[in-house]
2 protein chains.
Amino acid sequence: MSPAPTPTLPGSPQRPPNGPEIADWVRQRIRTGRFVPGQRLVEVDIIRQTGASRSKVREALKRLEGEGLVQIEEFRGASVRSSTLDEVRQIYRARMALEGMAAHDFTLGASSALLDRLKALQDQLDASVRERAPDRFGRLNNEWHRLIVEGSGNRVIADHLQRLNVPIHRLLFESFYDEERLKTANADHQHMLGLILAGDAEGAERAMRRHIADGFETLARIESEFYS
Amino acid sequence: MSPAPTPTLPGSPQRPPNGPEIADWVRQRIRTGRFVPGQRLVEVDIIRQTGASRSKVREALKRLEGEGLVQIEEFRGASVRSSTLDEVRQIYRARMALEGMAAHDFTLGASSALLDRLKALQDQLDASVRERAPDRFGRLNNEWHRLIVEGSGNRVIADHLQRLNVPIHRLLFESFYDEERLKTANADHQHMLGLILAGDAEGAERAMRRHIADGFETLARIESEFYS
DNA sequence: GCTGACGATATTGTTGACAATTTCGTCGAT
DNA sequence: ATCGACGAAATTGTCAACAATATCGTCAGC
């Protein structure tokens with residue numbers, strides 16, 4: 001995982017006056033893969049790119065360290081924390097636990113409005129499968145999972161899951177370029193939707209766990225091929 | 001929950017030259033209840049008490065904000081984040097998910113050395129119950145849970161649980177002053193130990209979940225009495 | 001060619017001063 | 001006595017300069 005400890009790149013100033021929040025700016029770049037794991041986050045570069053002052057950048061990096069996204073070493077500065085394959089396994093295990101619980105609670109407590117949104121999302125997912133659009137499927141898939149989690153009424157679980165997902169954000173999309181995996185995943189979703197509508201909370205939880213475990217299996221297969 | 005938004009207290013300088021880590025210093029004071037929820041964390045006070053410089057303190061507070069322990073408002077500074085009873089409920093729900101998973105994985109993967117330590121800990125817990133020592137039971141109980149979590153081989157889950165537990169750290173001890181609860185909790189532990197030794201991972205997971213759910217029930221009862 | 005010492009550069013750590021904002025006490029009008 | 005305006009004090013936000021450390025290229029010696 002994260003094979004390339006890439007060097008820092010210089011950049012041109014682009015955000016002119018105001019900076020809504022440096023931490024958000026960095027976080028998003030990590031999520032979208034513009035900052036890759038292992039990459040050093042040199043303060044001056046971020047200053048050049050955001051126009052923020054030094055102390056702002058430093059505090060933002062400290063904050064991100066608190067979130068577990070960034071690693072700071074004395075006199076060596078900040079870098080994007082990289083995960084080993086084993087850590088990704090652990091993350092998926094934690095996701096199984098938390099998203100399973102979220103699916104359980106969603107089933108018991110979701111309003112009909114939420115259920116409608118979920119059904120609508122499922123229709124869109126089905127369409128993206130028919131049209132063989134893995135990229136769109138990936139986005140909708142994210143929305144689907146987030147809807148379950150946010151709709152479970154447990155903000156604490158939602159927050160921890162969001163943190164958990166950042167290091168694997170990019171990976172979540174890559175699996176779906178395998179058509180077989182895409183179909184299987186969508187079938188899982190349809191099955192879960194049925195269980196949720198039927199009010200089978202424990203069934204939905206088990207299904208969610210299996211679904212996530214399968215996701216990791218696929219991922220691990222892809223990664224191991226990548227390294228062989 | 002967290003009824004008293006206490007004022008800030010002045011203090012005398014006590015840590016003379018070196019500060020191992022301001023964030024740790026604050027975190028521990030929050031855990032042990034010396035800083036209570038809602039309390040403002042005035043930079044100058046922390047400076048006086050730790051001897052650290054301003055930027056150090058500010059960065060530490062930013063870091064703790066990232067950890068979710070502290071809340072920072074523009075021009076109003078940092079304060080210990082306080083939890084509503086509903087948020088505590090959500091925390092317990094997350095604990096059920098994660099510690100349940102940890103118990104599962106512990107059962108499957110624990111070395112015999114770890115099992116021995118767990119059995120020894122159980123003996124001490126039994127003794128503290130016989131001797132009606134709720135305070136000691138609380139400490140040993142913490143160790144017991146931590147042993148399961150750390151022994152599960154999942155650092156990610158362990159980290160998230162540690163964060164999860166900070167806001168409820170003090171509450172974890174209060175339940176055991178009820179003798180009935182203490183006995184019930186210890187019986188749970190004995191039962192779980194049996195399941196673990198028998199290799200029944202899913203049984204251990206279910207038992208852990210129930211155990212934690214019961215813990216919240218007791219807590220909620222205590223808190224609601226406190227407010228009636 | 002390789003190794004290790006040395007120095008220039010780059011990067012991070014630390015400190016202090018100043019600006020912006022809130023907080024709190026004071027005082028006068030009603 | 002209550003309310004609101006006003007101003008001083010307290011607190012936080014921001015910035016720039018300087019110190020400490022690491023990084024990297026250079027070069028002498030073998």
Side-chain angles (χ1 to χ4, degrees), chain A residues 4-13 15-26 29-30 35-67 69-82, chain B residues 4-13 15-26 29-30 35-36 38-67 69-81:
Chain A
T6 54
T8 64
L9 331 162
S12 55
R15 196 93 62 84
N18 60 344
E21 205 55 62
I22 309 298
D24 294 339
W25 187 86
V26 177
R29 297 222 152 184
I30 293 176
F35 288 159
V36 301
Q39 177 168 347
R40 288 188 56 188
L41 302 174
V42 179
E43 296 172 0
V44 183
D45 292 346
I46 299 179
I47 290 171
R48 272 200 280 264
Q49 293 184 348
T50 64
S53 69
R54 186 101 181 285
S55 43
K56 277 280 188 64
V57 172
R58 270 180 144 273
E59 287 176 358
L61 290 173
K62 269 286 180 187
R63 200 214 138 106
L64 292 173
E65 186 192 26
E67 293 181 17
L69 264 172
V70 150
Q71 191 179 13
I72 298 183
E73 293 168 295
E74 178 111 353
F75 289 109
R76 302 216 42 235
S79 51
V80 181
R81 254 201 57 200
S82 58
Chain B
T6 54
T8 64
L9 330 163
S12 55
R15 196 94 61 83
N18 60 343
E21 204 54 60
I22 308 297
D24 294 339
W25 186 87
V26 177
R29 299 220 151 186
I30 292 176
F35 288 159
V36 301
Q39 178 168 347
R40 288 189 55 188
L41 301 173
V42 178
E43 296 173 0
V44 183
D45 292 347
I46 298 178
I47 291 171
R48 270 200 280 265
Q49 292 184 350
T50 63
S53 68
R54 184 110 180 282
S55 46
K56 277 280 186 65
V57 171
R58 276 177 79 74
E59 286 175 359
L61 289 174
K62 269 285 181 188
R63 200 210 137 108
L64 292 173
E65 186 193 24
E67 293 181 16
L69 264 173
V70 151
Q71 190 179 15
I72 298 183
E73 292 166 295
E74 178 111 354
F75 288 110
R76 303 217 41 234
S79 51
V80 181
R81 253 200 56 198

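Considering only side-chain N and O atoms, A/Lys56 lies under 4.0 angstrom from the phosphate OP1 or OP2 of D/dT14. A sub-4.0 Å separation between OP1 or OP2 of C/dT15 and a side-chain N or O of B/Ser53 is present.
Rounding to whole angstrom units, CD of residue A/Glu21 and C1' of D/dG13 are separated by 13 Å. One can place CD1 of A/Ile22 at 15 Å from P of D/dG13, the figure rounded to the nearest angstrom. The CD atom of B/Glu43 sits 18 Å away from the P atom of C/dA20 (whole-angstrom rounding). Look at CZ on B/Arg54: it is 13 Å from P on C/dA17, rounded to the nearest Å. Rounding to whole angstrom units, CD of residue B/Glu59 and C1' of D/dT12 are separated by 15 Å. Counting to the nearest Å, the P atom of C/dT11 and the CD1 atom of A/Ile46 are 12 Å from each other. Summarising the geometry, the separation between CZ on B/Arg58 and P on D/dC15 is reported as 11 Å, rounded to the nearest angstrom. Across the protein-nucleic acid pair, A/Leu61 atom CG and C/dT12 atom C1' stand 11 Å apart, rounded to whole Å.
Every residue meeting the side-chain contact (heavy atoms from CB on, under 4.5 Å) condition with B/Ile47, not counting sequence neighbours, appears here in chain and number order: B/Arg54, B/Val57. Taking A/Gln71 as the reference, nothing meets the side chain to side chain donor-acceptor pair (under 3.5 Å) condition, with sequence neighbours excluded. Legend: residues meeting side-chain contact (heavy atoms from CB on, under 4.5 Å) with B/Ser55, ordered by chain and number and at least two apart, are B/Ser53. Remark: B/Arg76 pairs with B/Glu73 by the side-chain contact (heavy atoms from CB on, under 4.5 Å) rule, at least two apart or across chains. With sequence neighbours excluded, the residues satisfying side chain to side chain donor-acceptor pair (under 3.5 Å) with B/Glu65 are A/Arg63.
A heavy atom closer than 4.0 Å to some atom of DNA chain C occurs in B/Phe75, B/Arg76, these being the qualifying members of residues 69-78 of chain B.
A/Gly38 approaches A/Ser82 most closely through the heavy-atom pair N-CB, 4.0 Å. Scanning both residues, B/Val70 and B/Ile72, for their nearest heavy atoms gives CG1-CG1, 4.0 Å.
Counting non-hydrogen atoms under 4.0 angstrom, A/Ser55 reaches a base of the nucleic acid.
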